[in-house]
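The structure under discussion appears below in the form of structure tokens.
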Amino acid sequence: MLSRLAPAFFARPSATVARELLGTFIVQTEGPTTKIARVVEVEAYLGQQDAASHARRGPTPRAAIMFGPPAHLYVYLVYGMHHCLNVVTESDGVAGAVLIRAAEPVRGFAIADQKERAIWRALAGPGKLCAGLEITRRHNGMNLGDSPLYFANDAEAPPVTQVGVSARIGVAYAGAWAKRKLRFYLRGNPSVSVRPND
DNA sequence: GCCACGATAGTG
DNA sequence: ACTATCGTGGCG
């Protein structure tokens, strides 16, 4: 039985929220069939001090939401074609977010076409995850307390073990911050996007 | 205004 | 290694 995560869950340090989001479920109730996917890979992004974070330049029009209240969605477009799903963390006024990088389809992804089935076998990578869950910029700013797309946990699901920790993906430009171990994933899970050497 | 450059992913 | 494709933000 899935129950929506309370807003207070997100009002904590980004790395803590990131780690604890592993094993939770993304529930997408928009559209004809509810889609559910299990979170297997996340990254924490911090505030202005984090050279890899969109908050690094302060509360610009795009990044301002990262400085606002937690438990809101931050969705943006990268490379002109892929959407990325983030959840705002920390307390109001403190910048932070968690990027959801990959999830494992659980329900609602039945697709007749064999080729498409291969594509959605894993929602591996932030762009594919958003495509598979039909997440676009219209979700930007949604409040997770009452949104049709939300995070939930399952009290009966086995607890997450074997958590891998590594540097974040695609932030090589960020100097020392590129090396920080702020990526968390389920070790050995086939839906994780970049095959770690563990 | 103009322009370089991504928190990507598929293909060769 | 190359590329599709466009919003953001730095700079003038």
Query raised in the report: Between His83(A) and Tyr76(A), does the ring centroid distance fall short of 6.0 Å?
Result: no
Query raised in the report: Got a donor-acceptor contact below 3.5 angstrom from the Ser147(A) side chain to the Asn143(A) backbone?
Result: yes
Report task. Tell which nucleotide pairs with dG1(B), taking only Watson-Crick or G-U wobble pairs whose two distances are both under 3.5 angstrom. Result -> dC11(C)
Query raised in the report: Whom does dA9(B) pair with, Watson-Crick or G-U wobble, provided both distances fall under 3.5 Å?
Result: dT3(C)
Send over the distance from [X] [atom1] to [N] [atom2], rounded to a whole Å.
X	N	atom1	atom2	answer
Asn86(A)	dT8(C)	CG	P	14 Å
Tyr76(A)	dG9(C)	OH	P	12 Å
Arg101(A)	dT8(B)	CZ	C1'	8 Å
Trp177(A)	dA7(B)	CH2	C1'	15 Å
Leu129(A)	dG10(B)	CG	P	13 Å
Asn140(A)	dG7(C)	CG	C1'	12 Å
Tyr173(A)	dA4(B)	OH	P	19 Å
Glu41(A)	dT8(B)	CD	P	10 Å

**Report entry** Same-atom distance (P) from dC2(C) to dC5(B), integer angstrom
**Finding:** 16 Å
Query raised in the report: If the C1' atom of dG7(C) is compared with that of dG10(B), how far apart are they to the nearest Å?
Result: 22 Å
Query raised in the report: Want to settle it: does His54(A) or Val78(A) sit nearer the 5' end of DNA chain C, counting the closest nucleotide to each?
Result: Val78(A)
Report summary line: To the nearest 0.5 Å, atom CG of Leu99(A) lies from atom SG of Cys84(A) at 5.5 Å
Query raised in the report: CZ/Arg187(A) to OG/Ser166(A) distance, rounded to the nearest 0.5 angstrom?
Result: 10.0 Å
From the options [options], select the nucleotide whose nearest atom is closest to the side chain of [X].
X	options	result
Met66(A)	dG9(C), dT5(C), dA7(B)	dA7(B)
Thr60(A)	dG9(C), dA7(B), dA9(B)	dG9(C)
His82(A)	dT8(B), dG9(C), dA7(B)	dT8(B)
Tyr79(A)	dT8(B), dG10(C), dT8(C)	dT8(B)
Arg57(A)	dT8(B), dG10(C), dT8(C)	dG10(C)

Requested in this report: Identify whether any heavy atom of Arg62(A) sits under 4.0 Å from a base atom; if not, whether one sits that close to sugar-phosphate; answer base, sugar-phosphate or nothing.
Outcome: sugar-phosphate
Query raised in the report: Is Arg137(A) touching bases, backbone alone, or none of the nucleic acid, heavy atoms closer than 4.0 Å?
Result: sugar-phosphate
Query raised in the report: Regarding Glu30(A) and His139(A), is there a side-chain donor-to-acceptor distance under 3.5 Å anywhere?
Result: yes
**Report entry** Any donor-acceptor N or O pair under 3.5 Å, side chains Thr34(A), Thr29(A)
**Finding:** no
Requested in this report: Kindly say if Arg56(A) contacts the phosphate of dG9(C), meaning a side-chain N or O under 4.0 Å from OP1 or OP2.
Outcome: no
